[in-house]
Amino acid sequence: MSLTDLEADASLPAAGEAQPTGRIEGRSPWQLAWARLRRDKAAMISLVIIVLLVVMALVAPLISKWIGYAPAFGDRKLGVTVDGLPVGPNGHHPLGTDRLGRDLLVRAVYGARISLIVGLVSTAAATILGVVVGSVAGYFGGVVDTVLARFMDVTLSFPYLLFAIALAAAFGASTPLTIFVITFFSWASIGRIVRGQVISIKQREFVEAARSLGASNMRIIFIDVIPNLLAPLIVLATMTIPVAIVFEATLSFLGAGIDPRTSSWGNMLSDATETYQVAWWTLFVPAAFLLITTLAFNILGDAVRDALDPRSERLFAAQKAGRKNRKKKK
């Protein structure tokens with residue numbers, strides 16, 4: 001028998017051995033993280049809620065047209081009682097009206113626009129600023145690290161409510177001002193976490209290899225260091241969005257956030273302080289929207305953190321093993 005015949009025989013499966021049905025493909029860390037995330041039912045429900053909120057905010061004009069009322073329109077005929085009080089949920093106003101006869105459903109939908117825009121934009125700006133400052137401080141160390149770290153500490157020590165109220169009194173309440181205030185008080189906490197991660201990453205072999213090959217400091221930071229921060233940054237951003245939404249609602253409630261004439265959940269809560277004792281829906285509607293939104297983002301953030309942590313795979317396996325053992329005992 002020739003060598004070619006021996007190679008051909010070796011390549012054939014043995015008798016009774018199952019033939020391979022397909023090719024085995026490896027999965028990237030992001031694919032594994034998505035697989036872990038899909039197994040979390042609470043995370044999937046939260047993701048669906050967030051998508052529905054985004055869609056609702058995008059089609060707010062269509063919802064307003066379908067209801068038949070603009071967010072600032074006060075229905076003095078069907079939106080208030082003969083005593084001038086808000087009316088409860090009915091066929092004309094599905095979620096009732098406020099003290100001026102404005103439809104609460106339309107105002108809540110437009111308020112979702114404000115909350116999502118402020119939350120996403122301020123979080124994106126704070127993340128970018130925190131990554132840049134934290135990376136520079138952690139990578140260069142020394143005097144640069146000392147100055148930037150103390151600057152972050154000073155930023156975190158500001159009383160943000162007094163600062164926001166002072167700015168609103170000086171420049172007037174507006175959406176850009178609210179985004180600026182939230183960004184200013186959010187980036188430092190992100191920067192401190194990034195700084196600690198960069199201090200750890202810059203000691204690794206691939207950074208030393210890049211430095212030995214003559215790569216510049218900026219190239220190492222933006223090409224070698226920051227890409228390795230994507231997982232914790234995604235978790236930080238997901239957890240910062242609900243904080244920013246609550247921050248905006250707090251400022252608007254105090255009159256230092258969004259323009260009071262604009263529909264926002266904080267403004268709706270502020271208006272409800274005058275009527276909630278006789279019209280509970282004026283407080284319940286914006287509070288429910290705010291609670292559901294922040295709860296969905298928080299649950300999704302926790303799930304994303306667990307999914308991006310490789311150790312969670314072992315945790316899931318241990319949970320499954322524990323459930324199987326309990327079933328056997330029963």
Side-chain angles (χ1 to χ4, degrees), residues 46-75 79 89 93-127 164 168 171-183 186 237-272 281-301:
S46 300
L47 183 60
V48 171
I49 292 174
I50 293 171
V51 171
L52 291 177
L53 285 169
V54 172
V55 173
M56 182 182 68
L58 291 175
V59 300
L62 297 178
I63 296 177
S64 176
K65 185 177 180 181
W66 173 62
I67 298 295
Y69 299 99
F73 175 75
D75 184 7
H93 300 281
L95 296 181
T97 62
D98 62 5
R99 60 188 178 88
L100 298 178
R102 296 173 295 189
D103 188 87
L104 287 181
L105 175 58
V106 175
R107 287 179 60 78
V109 169
Y110 274 88
R113 276 188 162 189
I114 295 296
S115 294
L116 291 175
I117 289 173
V118 171
L120 294 175
V121 173
S122 60
T123 298
T127 302
F171 301 102
S174 64
T175 303
L177 181 63
T178 303
I179 293 175
F180 169 76
V181 171
I182 296 175
T183 301
S186 300
T238 309
M239 301 296 288
T240 303
I241 291 173
V243 175
I245 292 175
V246 173
F247 201 163
E248 178 274 319
T250 302
L251 295 178
S252 297
F253 180 81
L254 296 174
I258 305 300
D259 188 331
R261 296 168 296 181
T262 304
S263 298
S264 74
W265 295 337
N267 289 338
M268 294 174 67
L269 289 171
S270 180
D271 292 337
W281 54 89
T282 59
L283 180 65
F284 176 80
V285 171
F289 272 91
L290 185 61
L291 174 64
I292 292 172
T293 302
T294 54
L295 185 62
F297 273 108
N298 278 312
I299 292 175
L300 182 62

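Only a predicted model underlies this, so the values are computations on that prediction, with no experimental measurement involved.
No donor-acceptor distance shorter than 3.5 angstrom exists from the side chain of Trp265 to the backbone of Ala287, with no hydrogens or angles considered. A donor-acceptor distance shorter than 3.5 angstrom exists from the side chain of Thr127 to the backbone of Thr123, with no hydrogens or angles considered. Between the side chain of Thr294 and the main chain of Leu291, a donor-acceptor pair closer than 3.5 Å is present.
Taking each heavy atom of Leu177 and Gly172 in turn, the nearest pair found is CD2-O, 3.4 Å. For Ala57 against Arg113, the heavy-atom pair with the smallest separation is O-NE, 2.6 Å. Of all the heavy atoms in Ala168 and Ala256, the pair that sits closest is CB-CA, 3.6 Å. Scanning all heavy atoms of the two residues, the minimum distance from Leu251 to Ala164 falls at CD2-CB, 3.5 Å. In this structure, Asn298 and Pro242 approach most closely via the heavy-atom pair OD1-CG, 3.6 Å. Here the closest heavy-atom approach between residue Gly119 and residue Ile245 is recorded as CA-CG1, 4.2 Å.
Contact annotation: the side chain of Thr282 never approaches that of Asp271 to less than 4.5 Å [non-hydrogen atoms, C-beta and beyond]. Counting only heavy atoms from C-beta outward, the side chains of Ile50 and Phe297 approach each other to under 4.5 Å. Two residues are said to be in side-chain contact when any heavy atoms from C-beta on lie closer than 4.5 Å; Val181 and Phe247 meet this criterion. Ile241 has its side chain within reach of Leu120: a pair of non-hydrogen atoms, C-beta onward, lies under 4.5 Å apart. Between Asp98 and Met268 there is no side-chain heavy-atom pair separated by less than 4.5 Å. At least one side-chain heavy atom of Ser115 sits under 4.5 Å from a side-chain heavy atom of Glu248.
Note that OG1 of Thr293 is 8.5 Å distant from CD1 of Ile49, once rounded to the nearest 0.5 Å. Interatomic distance, Ile258 CD1 to Thr178 OG1, rounded to the nearest 0.5 Å: 4.0 Å. Note that OG of Ser264 is 7.5 Å distant from CZ of Arg107, once rounded to the nearest 0.5 Å. Note that CZ of Phe284 and CZ of Phe289 are 10.0 Å apart. Values are rounded to the nearest 0.5 Å. Distance check, rounded to the nearest 0.5 Å: CG of Leu105 to OG1 of Thr97 gives 12.5 Å. Rounded to the nearest 0.5 angstrom, Leu254 CG and Ser270 OG are separated by 8.0 Å.
Asp259 and Thr262 are not linked by any side-chain donor-acceptor pair at a separation below 3.5 angstrom, with hydrogens and angles left out of the test.
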Show me the donor-acceptor pairs, under 3.5 Å and distance only, between side chains in residues 67-75 and residues at least two apart or in other chains.
from: Tyr69; atom 1: OH; to: Asp75; atom 2: OD2; distance (Å): 3.2
from: Asp75; atom 1: OD1; to: Lys77; atom 2: N; distance (Å): 3.2
from: Asp75; atom 1: OD1; to: Leu78; atom 2: N; distance (Å): 3.1
from: Asp75; atom 1: OD2; to: Gly79; atom 2: N; distance (Å): 3.4
from: Asp75; atom 1: OD2; to: His93; atom 2: NE2; distance (Å): 3.1

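Here Leu283 pairs with Leu269, Ala272, Tyr276 under the side chain to side chain contact (heavy atoms under 4.5 Å, CB included) rule; sequence neighbours left out.
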